[in-house]
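Letters go in sequence order (proteins before strands), and every chain restarts at 1. From a predicted model like this one, the values you see are computed outputs, not experimental measurements.
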2 protein chains.
Amino acid sequence: MPIDDEAGSGAAFSQSLERGLMILSSFSETRPVLGIADISRAVTLNKSTTYRYVATLARLGYLHQDPETKKYSLGPKVVDLGFAALNSLEINRVAAPCLQSLADESGYTVSMAVLDGPDVVYVERRRSGRAAGGFAISLNLHVGSRLPAYCTSMGKVLLAHLEPAVLRALLDRTDFARRGPKTLTNREQLTAALAKIRQTGVAVNDEELAAGLRSVAAPVRDRTGRVVAAINIAVHLTVWATTADTVVARLERPLRHTAAEISTRLGYR
Amino acid sequence: MPIDDEAGSGAAFSQSLERGLMILSSFSETRPVLGIADISRAVTLNKSTTYRYVATLARLGYLHQDPETKKYSLGPKVVDLGFAALNSLEINRVAAPCLQSLADESGYTVSMAVLDGPDVVYVERRRSGRAAGGFAISLNLHVGSRLPAYCTSMGKVLLAHLEPAVLRALLDRTDFARRGPKTLTNREQLTAALAKIRQTGVAVNDEELAAGLRSVAAPVRDRTGRVVAAINIAVHLTVWATTADTVVARLERPLRHTAAEISTRLGYR
DNA sequence: CTCGCCGTTCGAACTGTTGAAACGCTCTGT
DNA sequence: ACAGAGCGTTTCAACAGTTCGAACGGCGAG
């Protein structure tokens, strides 16, 4: 066992599996097509070792090889898995209709996300017919997208309800990069914001991720009371939404209502 | 190398990786939460071996363990991968807007799918605002869904354009189970249908998958002329759509147009 | 024609993997 | 209280799957 990461769990581990998965995740939206040599460099493995794993992945349908170029891309099996994962989150099944209603009523895009380490992952997303596209296109946001938690409304909600020790560990390894005009660029600002979120129960993103983009988020709890997800309403800069306060005033109520509705359906009292 | 499958490729293969992936795919929409013992039985592996792989998957974020029940479910990393895969299919990027237009114009649900072995996998799906839900709910169809090719319009289009040898191999291991009132339940019927599809260029599904459900599909070609995907329009039984012919008459034209449009954007002349 | 890079194959050295057994735990029925 | 069954987890020596350098044949560029 070469691996002796921090947090001394380190006992049971499969090197081969890790390497195979490293290869799978070396494919991304920005690098969708790779050859053996590309992959081998990306994961720093011997070329023939890489080849054996890639051949395995291809044989099992996780990778697809273009017969002409000999290069590989992700296969349909991976799509399968991804959607099995999405549907596993029982939360989606109960939340989807609530989110749709909220989108229809408010006329804006509503999303739901969970926390994965320092990132949020979108697990559901509903647009009202009225508000087409907008920032979703510029940011290329969709179900499955990842965004750093510290600069999103849902991320801040989720961080705010983490156990202090876990939160501290997370913040230790987050880089407060400036993403928008008003990004919280240091730990103190974020910690203060989280405290306020714990008080008020909602988080606001006021152009912290991108210019002209504001959102309000609220927590979703399961039957044990744990915050398992967050939902938000996002609004692009418009004639009426000129300050964060205006946005909150208009959207907080229906948002809270929907979050509460979903929580209730998950068994939270 | 213990494996010596048919089709003597069998050289480079990683047992460990295969086993790890078997574990991942033992999770499904119907079995979203599994314990070590469940998995071990499902993949017929020794319990401790299973444990080691599961621990690895969990450590890397592909599985999530509920701290209370100790049971596992698919993690966000898998969702990531799935969407990376979807976006890798560059075809989606170019097709999505065309499909949306077609959905809006026709007022029906349009889909796109690729072939994976004997199944079709939905890779894109657009509903017009008008036609809400319907069979999509009863069949629980969504992007990532799999359906046997022989009883779907898109599946038949894709089968029709396969190389004869590949097609034969596929048909050898398909079970022509009855799925709807008019399912093609033997090889001869299907082969005849495929011949007609090659002639006309479109495939029709006339209640072969489910009662009251009809659809028309057309092929999408890439720059090399190969059929890489199919698109369809599906229509629920309604007042005007009482026979397959009526449906075709009304939808064939716009469908062909959109399929051609997408093919052109992929570089097909 | 040569060079360089590619995907792929080979094989002996070796190291990560295997699986039975046992641990501590929580239930369930007695 | 108790025994038993089942669970997730840990251990370890024997083993078998994996590793990586080297080499092959094909391809495109110079």
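Looking at A:Ser14 and B:Arg52, their side chains never bring a donor and an acceptor atom within 3.5 Å of each other.
Listed nucleotides D:dG8, D:dC20, D:dT10 differ in distance to A:Thr49; the shortest reach to its side chain belongs to D:dC20. Listed nucleotides D:dG21, C:dT18, D:dT11 differ in distance to B:Arg19; the shortest reach to its side chain belongs to C:dT18. Listed nucleotides: D:dT18, C:dT8, C:dG19. Nearest to the side chain of B:Ser14: D:dT18. Listed candidates were C:dC10, C:dT18, C:dG7. Nearest to the side chain of B:Ser16 is C:dT18.
Rounded to whole angstrom, the span from the CZ atom of B:Arg52 across to the C1' atom of D:dT10 amounts to 12 Å. When the P atom of C:dG7 is taken as reference, atom CZ of A:Arg59 falls 20 Å away, rounded to whole Å. In this structure, CG of B:Asp38 is placed 13 Å from P of D:dG6, rounded to the nearest angstrom. Whole-Å rounding puts the A:Phe13 CZ to C:dG16 C1' distance at 12 Å. Here C:dG24 presents its P atom at 15 Å from NZ of B:Lys70, a figure rounded to the nearest Å. Atoms OH (B:Tyr53) and P (C:dT17) sit 7 Å apart, rounded to a whole Å. In this entry the distance linking CD1 of A:Ile39 with P of C:dC6 reads 12 Å, nearest Å. At whole-Å resolution of the value, NZ in B:Lys47 and P in D:dG8 are 7 Å apart.
At a threshold of 4.5 Å between non-hydrogen side-chain atoms, the residues A:Tyr72 and A:Ile36 count as touching. Looking at A:Arg125 and A:Leu99, their side chains never come closer than 4.5 Å, going by heavy atoms from C-beta outward.
Mapping B:Leu45 and A:Tyr72 onto DNA chain C via the closest heavy atom, the residue that lands nearer the 5' end is A:Tyr72.
Nearest heavy atoms, A:Gln65 versus A:Lys70: NE2-O, 3.0 Å.
Within the 4.0 Å cut-off from OP1 or OP2 of C:dT18, not a single side-chain nitrogen or oxygen of A:Gln15 is found.
Ring planes of B:Phe83 and A:Phe83: tilted class, angle from 30 to 60°.
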